[in-house]
Amino acid sequence: MIELENVAYSYGGGELLSDVSLKLSPGSFHFLTGPSGSGKTTFLRLCYGQLIATAGQVRLFRKDVRELSRDGVAGIRQRIGVVHQDCQFLDHMSVTENIALPLMVSGRGGGGAAENLVDLIGWVGLTPRANALPAELSGGERQRAALARAVIMSPDILLADEPTGNIDWDMSLRLLKLLIELNRMGKTVLIATHDLNLIRAAKSEVAARVLRISNRRLQLAGSDL
Amino acid sequence: MIELENVAYSYGGGELLSDVSLKLSPGSFHFLTGPSGSGKTTFLRLCYGQLIATAGQVRLFRKDVRELSRDGVAGIRQRIGVVHQDCQFLDHMSVTENIALPLMVSGRGGGGAAENLVDLIGWVGLTPRANALPAELSGGERQRAALARAVIMSPDILLADEPTGNIDWDMSLRLLKLLIELNRMGKTVLIATHDLNLIRAAKSEVAARVLRISNRRLQLAGSDL
Amino acid sequence: MSALIAPRDKASDRIVPPSGFTVLLTSFTAGAMAFLTVFALALSLATGRLADRWASELAQTSTIRISAPAEQMDAQLRAVERVLQTTPGIASARTLSEEEQRQLLEPWFGPDLPIENLPVPKLVEVIENSEGYDSEGLRQRLAAEAPGAILDDHTRWRKPLVSAADRLRMLGFVAIVLIAASTAAMITLAAQSALAANAQVIGVLRLVGARDSYIAGAFVRRFTLRAFVGAVGGTVLGTLAVALLPDSEVAGNFLTGLGFQGAHWIWPFAIPPLAALVAHLATRNAARRTLRGIA
Amino acid sequence: MSALIAPRDKASDRIVPPSGFTVLLTSFTAGAMAFLTVFALALSLATGRLADRWASELAQTSTIRISAPAEQMDAQLRAVERVLQTTPGIASARTLSEEEQRQLLEPWFGPDLPIENLPVPKLVEVIENSEGYDSEGLRQRLAAEAPGAILDDHTRWRKPLVSAADRLRMLGFVAIVLIAASTAAMITLAAQSALAANAQVIGVLRLVGARDSYIAGAFVRRFTLRAFVGAVGGTVLGTLAVALLPDSEVAGNFLTGLGFQGAHWIWPFAIPPLAALVAHLATRNAARRTLRGIA
Ligand SMILES: Nc1ncnc2c1ncn2[C@@H]1O[C@H](COP(=O)(O)OP(=O)(O)OP(=O)(O)O)[C@@H](O)[C@H]1O
Ligand SMILES: Nc1ncnc2c1ncn2[C@@H]1O[C@H](COP(=O)(O)OP(=O)(O)OP(=O)(O)O)[C@@H](O)[C@H]1O
Ligand SMILES: [Mg+2]
Ligand SMILES: [Mg+2]
């Protein structure tokens with residue numbers, strides 16, 4: 001699904017990531033950790049084609065990202081759900097509309113989608129806030145809405161950047177369960193987080209691998225987690 | 001410093017907070033917890049005059065918030081440092097300029113301030129990113145910049161909303177130490193967080209009280225934390 | 001036009017934040033510009049008519065004055081008529097009757113001038129056709145065949161008048177071009193500032209897999225529609241104002257019919273679609289450029 | 001003006017994001033409007049002068065024609081002169097010489113008219129002063145004292161011409177007022193859309209304790225300065241364009257001096273400060289309203 005081969009990235013200064021190789025196979029579950037500023041978000045951006053690697057090759061669904069047109073990238077994004085670290089919404093649309101945005105943009109708004117939408121909003125606990133504007137949500141509510149938006153298209157891959165940074169422990173576990181459920185349905189999941197407790201909780205339920213960025217390299221973390 | 005008397009708040013629907021009374025004395029250290037959406041951010045907003053209580057009285061520095069003019073609120077904000085949950089910056093100014101913004105706005109930009117600024121940026125580990133724009137920061141870097149901006153005026157009160165949501169554990173402890181240090185200098189500190197580990201870590205160093213919002217009330221949490 | 005402007009916002013257009021002021025600004029700009037265009041158009045068309053009239057009336061009538069002793073008068077008059085008949089470019093020629101000459105002279109002599117008894121010259125009014133005649137050649141032929149005949153061909157009057165009218169007409173068209181260009185520039189700038197202000201919206205849409213054409217389309221439709229609505233308003237007001245201008249048949253007929261006449265009524269109706277077209281192209285360019293600029 | 005526009009951005013003005021397009025839009029709007037204002041102003045002033053000239057020249061000269069048998073002519077002429085001397089509102093009166101009358105008649109009779117031998121009426125040119133005379137009263141007195149004298153006071157020409165010129169002048173002023181109003185509206189809208197787009201900036205500034213006057217001031221300075229710069233550009237271009245318009249002494253002098261003359265040169269120089277003032281007030285209002293609106 002996602003393949004990186006000797007990938008490097010720099011924002012213009014020194015290299016942030018060097019010689020990173022990784023293959024995410026369908027149905028795998030990964031965590032990504034590393035200190036603040038080490039490049040976790042950057043890594044995820046490479047994985048959904050928002051950034052183009054400065055060296056090496058990134059292949060999404062077997063296609064080289066460098067060779068994709070803008071519309072090609074748009075098509076691929078419809079198959080990858082992304083939870084951004086600073087959850088981004090359209091401020092003038094309600095929570096429900098924002099969660100349904102991927103459906104609307106891809107022209108798949110009708111029929112079963114609506115029912116699915118209501119279920120999903122209930123799942124992330126936003127039913128009482130469904131008609132609120134994003135600015136009227138609490139921090140944790142925003143993150144849950146972002147997660148709902150990421151999974152509404154039931155994408156093949158789910159990339160989540162600190163999805164539980166603003167959420168209390170009980171709710172975090174609930175969201176983790178949702179992600180594990182998706183994974184069991186065959187979706188590929190990659191979660192960037194600094195919350196080691198979350199990783200430990202997941203490991204007891206699913207065969208999750210933990211990747212760590214340190215010194216510009218991507219390493220498999222030891223079994224101490 | 002901050003006194004709430006039988007305060008209630010509602011955004012228009014049902015009451016979110018009811019009958020909340022609290023007195024933060026100078027030099028005290030408080031944590032605020034509660035599930036996502038329980039009203040932690042709302043409570044903090046009441047404490048720096050961004051929201052006006054729908055019932056009861058909020059006094060900041062002995063002044064009733066309802067009776068303050070806009071300029072009065074502005075004056076009080078210069079004495080309260082706030083770390084917002086979604087850190088807000090001026091996107092067209094560098095990190096350093098953003099951190100120095102409170103100085104600029106209050107007309108106290110000169111002399112010792114500049115030195116203090118450099119120290120502070122070093123303290124939150126942003127020296128290599130000092131000239132970057134906010135959009136070029138990682139999530140954790142943004143939170144650290146927000147904290148630096150909140151303390152640059154050495155305010156009498158520091159209110160922080162999830163200041164470590166996107167920060168790894170080591171860095172969280174470092175920031176906590178900064179806050180404890182400020183508290184020892186006599187500043188009043190109130191931190192909203194859902195990270196119980198952080199609260200435990202703090203309790204070993206300082207006489208912190210833990211408040212919890214549950215069922216619209218503010219309670220003192222038991223000693224189980 | 002229906003390809004350019006949807007009858008109302010499509011559901012997908014909701015992705016563009018209403019951002020009231022930019023939209024209002026666009027409508028208002030289009031409206032104000034349409035209003036001014038109507039005026040400039042009216043001025044241009046009126047001056048166009050004026051120039052045509054001056055060019056035709058002044059150019060096409062000349063006068064030949066024959067002063068000769070009474071006994072030669074008839075012979076010279078016939079000679080002049082002969083010359084005129086064989087001169088290419090002349091539509092007709094007519095000798096003024098005594099009654100007409102009396103009217104011309106009345107302001108100076110009163111109504112009782114005994115014109116029959118006076119050595120009054122004969123006047124021949126010459127009307128040229130659209131090609132016109134060679135006045136120098138005619139003058140020489142007259143000198144040869146009717147020495148008492150003097151051609152007054154109004155040339156020295158015609159040229160500056162016609163060129164003045166042409167200049168006014170050009171001024172009107174230049175004004176229209178200037179106004180159209182400023183409208184395009186303003187709408188481009190308004191669209192661009194709307195797009196720039198919505199960089200975050202564009203980022204979100206890209207994140208959820210929207211194609212650029214989808215994003216651009218929503219902005220373009222919004223702005224085209226608003227420009228059209230504004231231009232309709234401005235045109236209606238401008239046309240009303242022009243129609244309500246009091247007619248005056250004076251001042252060398254200069255002000256006559258500053259309003260629109262006949263087929264010219266088509267022109268103001270062309271303004272709103274043109275404004276929408278300008279807005280469409282301007283916004284599309286702005287959108288393409290901005291979308292290329294935002295990573 | 002220095003209170004309204006700082007010579008360059010103060011450090012504190014950096015808090016306003018550059019937001020290139022809105023600023024460009026403001027400058028451009030101010031410039032385009034200044035350009036149009038210069039034209040409308042030139043038109044108004046020129047028509048003003050035209051109206052004055054028509055009002056004075058046409059109104060102030062009338063003609064009295066005396067047709068009488070040769071033997072009564074001198075007596076009636078003296079009677080007319082006497083009447084005119086005692087009529088209030090008349091500046092001077094002058095009998096046309098035979099030479100002048102011959103020139104008037106030349107187009108019809110040729111240069112050799114034996115005017116001495118003709119029963120040609122005498123013409124008296126009457127020039128009234130600024131108050132004017134009572135033409136009906138004069139007519140009656142003339143009928144009584146010099147029955148052959150007929151007053152041709154051009155009244156039927158004067159009124160519509162003067163009112164036409166006045167209407168043109170008014171049109172120019174209405175255009176100026178309209179342009180000023182649209183400029184104010186557009187700058188208000190531009191400022192408002194800039195402020196609305198910067199709601200987050202305002203929120204951040206409030207969070208760190210900025211006073212509203214501080215925030216508003218930065219926006220107001222930015223917009224005032226940009227409008228001033230734009231208006232200067234537009235005025236310079238407009239004035240150049242007006243100055244370069246070819247002068248023409250024709251068309252009833254209508255186009256003469258569409259350019260500025262003498263003290264009127266002050267007017268275009270007043271445009272940029274006025275534009276800055278309009279921008280200042282418009283932005284200040286927009287800022288106050290927006291700041292009150294954002295919690
Ligand atoms: N657009 C950009 N331009 C320049 N530098 C950038 C840009 N975006 C990020 N950086 C820098 O690259 C480094 C890695 O950023 P990134 O967001 O990938 O970190 P992260 O691992 O996600 O950190 P965190 O846990 O704090 O979110 C940081 O030092 C950041 O300042
Ligand atoms: N401007 C607003 N208008 C209406 N409702 C709001 C507004 N802001 C917040 N709310 C609602 O009030 C409730 C409390 O919000 P608040 O941000 O105070 O929660 P919180 O305790 O900070 O939660 P979190 O831990 O998720 O940040 C939430 O349900 C939220 O949706
Ligand atoms: Mg990150
Ligand atoms: Mg909160």
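Order of the sequence lines fixes the chain letters, A, B, ..., with proteins taken first and strands second; residue numbering starts at 1 for each chain.
In this structure, the separation between CZ on C:R206 and OH on A:Y48 is 12.5 Å, given to the nearest 0.5 Å.
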**OP:** Apply side-chain contact (heavy atoms from CB on, under 4.5 Å) to C:Q200 and A:F89, showing your working.
**Re:** CA-CA 8 Å; C:Q200 202 221 330; A:F89 297 102; over 6 Å; no
**OP:** Take A:L101 and C:V204 through the test side-chain contact (heavy atoms from CB on, under 4.5 Å) and record every step on the way to the result.
**Re:** CA-CA 9 Å; A:L101 201 57; C:V204 172; 4.0 Å; yes
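For the side chain to side chain contact (heavy atoms under 4.5 Å, CB included) test with C:V208, the passing option among A:R149, A:M104, A:R77 is A:R149; the others fail. Checking each of A:V105, A:I80, A:V82 against C:L207 for a side chain to side chain contact (heavy atoms under 4.5 Å, CB included) leaves exactly one that passes, namely A:V82.
Contact of A:D91 with chain C is made through the side chain alone, with heavy-atom distances under 4.5 Å.
Under a cut-off of 6.0 angstrom, the local environment of CZ in C:F269 is sparse, with at most 12 non-hydrogen atoms contributed by other residues, nucleotides or ligands.
Here the side chains of A:L90 and C:L205 are in contact, with some heavy-atom distance below 4.5 Å.
Distance alone, capped at 3.5 Å, places no donor-acceptor pair between the A:R70 side chain and the C:R211 backbone.
Heavy atoms only, all atoms of each residue included: C:A210 and A:A74 are closest at O-CB, 3.7 Å.
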